[in-house]
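Report on the structure given below.
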Amino acid sequence: MTVIAPQSSAAVTRGTGRAGAPEGPRSARTARLRRRIGDNLQAYAFLAAGLLCFALFSWYPLVKGIILSFQQDNFVTDPIWVGMDNYTAVLDDPLFATAWLNTLEFTGLALLFGFAVPFVLALVINEFRHAKGFFRFAVYLPVMLPPIVSVLLWQYFYDPGNGLFNAILTGVGLPGSDWTQSPKMAMISLVLVSTWANMGGATIMYLAGLAGIPGELYEAAELDGATVWQRVRHVTIPQMRFIMLVLLLLQIVATMQVFIEPYQLTGTTNPETITVMVLIYRYAFTINNDFGMAAAMSVLLFIVLGAFSALYLRLTRKAD
C-alpha cells in the first residue's frame with residue numbers, strides 16, 4: 001500500500017495570497033489598474049496643452065477683467081481700487097442707454113437679414129444639380145477675408161463721392177445717399193456689411209443639415225400633393241430645427257458684440273451707430289483712458305449675454 005505524505009503548510013499556501021485568494025486574479029486586477037492609470041495619464045498629457053492655452057487665454061483674462069472692473073487703471077500709473085465706482089459711472093453715462101438701444105437695433109436687423117438670408121440661400125443652392133461646389137465656395141469666400149478687409153471694401157461702396165452704390169444710383173437717374181452718415185440709412189448699412197461678411201458660415205451649416213434630411217420625406221410630401229412652401233414648412237424646418245436654434249443663439253451673441261463695422265464706417269462719435277463695444281473702446285482709448293470703466297462695461301455685457309444664453313437654452317430645452 002502506498003502512503004501519501006501530507007504536504008507542508010508552505011506548499012499548500014504557495015499559490016495563494018495573504019487572504020487566501022489566488023495570485024492570478026489579484027495580479028490581473030493590478031495590471032488592469034496600472035493600465036487604466038497609464039491611459040488616464042496619457043489622456044491628461046494630451047489635454048494639458050489645450051487646457052493650458054484655454055486657462056491662459058480665456059480664464060485668466062476673464063478673472064483679470066473682473067478684478068480690473070473694480071480699479072481705476074490706465075496701464076501707466078499704479079492702479080487704484082475704487083470698488084463699485086466704475087459701475088456707477090458707467091450706468092450714469094448718458095451714452096449707456098443709447099449704446100444698448102443701438103446694439104439691440106443692430107441685433108434685430110441682423111436677425112431679420114442675417115438669419116433668413118442664409119437659410120433661403122442654402123435652400124436655393126441645395127436645389128442645384130450642378131456646380132454646387134462653386135456656389136458653396138462663392139458663398140463662403142467673404143468669411144475667409146479678414147473682417148477689416150470686408151469693411152474697407154464696403155466703405156468704398158458707400159463712399160458718397162465716388163462710391164459704387166451712388167454711381168449706380170446716379171446712372172439710373174436716382175439721387176445718391178450718404179449711406180453710413182445718414183441717420184436713416186446708417187444702421188441698415190452696417191447690417192448689410194455684417195450680413196454679407198458672415199452669412200457664408202451659416203449657409204454651409206444649413207447645407208450640411210439639408211444633406212442629412214432623408215429624401216423619402218420629400219417624396220412622401222410630393223405624393224400627398226404638397227407645394228414647395230408646404231415641403232419647406234412641414235419637412236425642412238422641423239428637420240433643421242436644432243441647427244436653426246443653435247445658429248440663432250450664436251448669431252445673437254455675436255451681433256451683440258459688433259464693433260468693426262460701426263468703428264470703421266461711422267466712427268466712435270456718431271450717436272446713431274454707437275454700440276456697446278464702441279462705448280467700451282471709448283472708455284479705454286479715447287475719452288476716459290480708463291480701462292477700469294471699460295472692464296466694468298465688459299462685465300455688464302458678459303452678464304447680459306450669459307443670462308440671455310441660459311434663459312434661451314432653458315426655454316428651448318422645455319420646448320423640446
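Below, all heavy atoms of this structure are taken into account, side chains as well, without hydrogens, waters or symmetry copies. Sequential numbering from 1 along the given sequence is applied to the chain's residues. Since we're looking at a predicted model, the values are computed, not measured.
At a threshold of 4.5 Å between non-hydrogen side-chain atoms, the residues M187 and E272 do not count as touching. For the pair L249/S309, a side-chain contact is recorded, criterion being any heavy-atom separation below 4.5 Å from C-beta on. Looking only at side-chain heavy atoms (C-beta outward), L111 and L248 come within less than 4.5 Å of each other. Y140 places none of its side-chain heavy atoms less than 4.5 Å from the side chain of T203. Side-chain contact check for Q71 versus V82: every heavy-atom pair is 4.5 Å or farther apart. Between T273 and L190, the closest side-chain pair of non-hydrogen atoms falls below 4.5 Å. Side-chain atoms of M244 and R241, non-hydrogen and from C-beta on, never get closer than 4.5 Å to each other.
Note: W154 and F157 have perpendicular aromatic rings, judged against thresholds of 30 and 60 degrees for the angle between ring planes. Aromatic ring orientation, Y206 versus F119: perpendicular (interplanar angle above 60°, classes split at 30° and 60°).
The distance from atom CZ of R231 to atom CG of L123, rounded to the nearest 0.5 Å, is 11.0 Å. In this structure, the separation between OH on Y87 and CE on M84 is 6.5 Å, given to the nearest 0.5 Å. Note: T275 OG1 to N270 CG = 11.0 Å, rounded to the nearest 0.5 Å. Atom CG in N126 sits 11.0 Å away from atom CG in L121 (nearest 0.5 Å).
Within the 3.5 Å criterion, the main-chain N or O of L245 finds a donor-acceptor partner in the side chain of Y312. In this structure, Y283 contributes its side chain and M297 its backbone to no donor-acceptor pair below 3.5 Å. Remark: side-chain polar atoms of S58 are not paired, donor with acceptor, to backbone N or O of A55 under 3.5 angstrom.
Defined by atom type and a distance below 3.5 Å, a donor-acceptor pair is present between the side-chain atoms of T236 and Y218. No donor-acceptor contact under 3.5 angstrom links the side chains of D159 and W179, judged on distance only.
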### Task
Begin from the C-alpha positions of Y158 and L164 and carry the test side-chain contact (heavy atoms from CB on, under 4.5 Å) through to its verdict.
CA-CA 7 Å; Y158 286 143; L164 177 63; over 6 Å; no
### Task
Let me see the working for T268 and Y263 under side-chain hydrogen bond (donor to acceptor under 3.5 Å, both in side chains), right down to the final yes or no.
CA-CA 6 Å; T268 61; Y263 172 78; over 6 Å; no
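Residue-environment remark: CZ (F75) exceeds the threshold of 12 foreign heavy atoms within 6.0 Å. Counted within 6.0 Å of CZ on F165, heavy atoms from surrounding residues, nucleotides or ligands total more than 12; the atom is thus considered enclosed.
Considering only residues two or more places apart in sequence or on other chains, L141 meets the side-chain contact (heavy atoms from CB on, under 4.5 Å) condition with F137, M144.
Within the structure, side-chain hydrogen bond (donor to acceptor under 3.5 Å, both in side chains) contacts touching residues 35-46 (residues at least two apart or in different chains) do not occur.
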